[in-house]
**Student:** 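Here it is, the structure, as structure tokens.
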Amino acid sequence: FAQKDVFQLKDIEKIAPKEKGITSMSVKEILQSLVDDGMVDTDRIGTSNYFWAFPSKALHARKRKLEELESQFAESSQKKEALQKSIEKSKIGREDTAERAALMEELAALRQKKEQLKTEIDKYRECDPDVVEEMRQTNKVAKEAANRWTDNIFSIKSWAKRKFGFEESRIDKGFGIPEDLDYID
């Protein structure tokens with residue numbers, strides 16, 4: 001900002017340690033950080049990189065940010081006002097009266113009764129035809145899966161008998177297969 005000029009990296013590496021007390025090893029890192037933050041502009045012209053930062057750009061950036069924040073503040077204020085009006089409108093007709101208190105008590109009693117009826121229905125859930133049918137379907141799927149695995153076990157046993165010549169009782173004992181393993185009807 002002070003010199004209002006355009007610099008190359010080597011110029012900045014010479015100036016920064018003398019005028020600002022920045023170590024020459026960290027100049028490139030700091031400069032890259034400033035470029036990333038948008039505080040310093042850079043452009044490649046030919047084989048050289050040029051860096052610059054003018055006070056007017058920073059001023060304009062701050063003005064834009066301020067305008068943006070002010071518009072957000074105005075929007076939020078309008079929303080707050082609208083919500084306050086909505087609250088006031090919703091309070092109309094909800095004043096605490098004896099009739100309203102009686103209705104609130106009735107509502108609470110009906111909600112409690114609803115919960116009691118729900119728990120009673122849950123007690124008899126096993127007798128619900130839909131639940132019974134669902135259990136039948138689940139049992140059917142489980143039975144099919146058990147028979148499929150039993151078939152897989154028999155297939156592996158026959159493969160092991162053919163491949164290795166083991167006796168069936170020896171395979172059952174080695175793999176912990178019960179002697180009475182059979183398909184489920």
**Student:** Looking just at side-chain N and O atoms, do Glu133 and Gln137 make a donor-acceptor pair shorter than 3.5 Å?
**Tutor:**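 Note: Glu133 and Gln137 side chains meet the donor-acceptor criterion.
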**Student:** Can you measure from OG (Ser169) to CD (Glu179) and round to the nearest 0.5 angstrom?
**Tutor:**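 It is 8.0 Å, given to the nearest 0.5 Å.
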**Student:** How long is the gap from CZ on Arg136 to OG1 on Thr138, to the nearest 0.5 Å?
**Tutor:**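 OG1 of Thr138 is found 12.0 Å from CZ of Arg136.
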**Student:** Answer yes if Val141 and Ile184 sit in the same cluster of Ile, Leu, Val, Met, Phe, Trp and Tyr residues linked by side chain heavy atoms under 4.5 Å apart, and no otherwise.
**Tutor:**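 Result: no, two separate clusters.
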**Student:** For Asp151, does its backbone N or O pair with a side-chain atom of Ser155 as donor and acceptor, under 3.5 Å?
**Tutor:**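 Checking the backbone N and O of Asp151 against the side chain of Ser155, a donor-acceptor pair under 3.5 Å is found.
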**Student:** Between Glu81 and Ser77, is the side-chain contact (heavy atoms from CB on, under 4.5 Å) condition met? List the steps.
**Tutor:** CA-CA 6 Å; Glu81 247 179 68; Ser77 297; 5.6 Å; no
**Student:** Answer yes when Asp185 and Lys143 have at least one side-chain N-carboxylate O distance shorter than 4.0 Å, and no when they do not.
**Tutor:**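 No, this pair does not count.
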**Student:** Does Leu107 share a hydrophobic cluster with Leu117, counting links as ILVMFWY side-chain heavy atoms below 4.5 Å and allowing steps through other members?
**Tutor:**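 No, no single cluster joins them.
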**Student:** Atom CD of Glu167 and atom NZ of Lys157: how far apart are they, to the nearest 0.5 Å?
**Tutor:**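 Answer for the CD-NZ pair, Glu167 versus Lys157, is 12.5 Å.
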**Student:** To the nearest 0.5 angstrom, please state how far the CG atom of Leu83 sits from the OG atom of Ser90.
**Tutor:**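 The distance works out to 10.5 Å.
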**Student:** If you apply the rule side-chain contact (heavy atoms from CB on, under 4.5 Å), what do you find for Thr150 with Asp182, and how did you get there?
**Tutor:** CA-CA 7 Å; Thr150 304; Asp182 200 5; 5.7 Å; no
**Student:** Begin from the C-alpha positions of Lys123 and Thr119 and carry the test side-chain contact (heavy atoms from CB on, under 4.5 Å) through to its verdict.
**Tutor:** CA-CA 6 Å; Lys123 276 193 235 174; Thr119 56; 5.6 Å; no
**Student:** With a 4.5 Å cut-off on side-chain heavy atoms, are Leu110 and Glu106 touching?
**Tutor:**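 In short, these two side chains touch, coming nearer than 4.5 Å.
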**Student:** Should Ile171 and Trp149 be regarded as members of a common hydrophobic cluster, given that ILVMFWY residues are connected when their side-chain heavy atoms come within less than 4.5 Å of each other, either directly or indirectly?
**Tutor:**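 No.
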**Student:** Tell me whether the count of non-hydrogen atoms from other residues, nucleotides or ligands lying under 6.0 Å of CD in Gln72 goes above 12.
**Tutor:**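 Yes, because the 6.0 Å sphere around CD of Gln72 holds more than 12 heavy atoms from other groups.
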**Student:** Between Tyr183 and Phe154, is a side-chain contact (heavy atoms from CB on, under 4.5 Å) present by the stated rule, with each step listed?
**Tutor:** CA-CA 10 Å; Tyr183 293 101; Phe154 286 145; 3.6 Å; yes
**Student:** Hydrophobic cluster membership, with links at side-chain heavy-atom distances under 4.5 Å among I/L/V/M/F/W/Y: are Ile121 and Val131 in one?
**Tutor:**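 No.
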**Student:** Could you walk me through whether Phe175 and Phe166 pass the ring pair (Phe, Tyr, Trp, His ring centres under 6.0 Å) check?
**Tutor:** CA-CA 12 Å; Phe175 290 102; Phe166 291 140; 8.6 Å; no
**Student:** Within a 6.0 Å radius of atom CD on Glu144, are there more than 12 heavy atoms belonging to other residues, nucleotides or ligands?
**Tutor:**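 Correct, the count exceeds 12.
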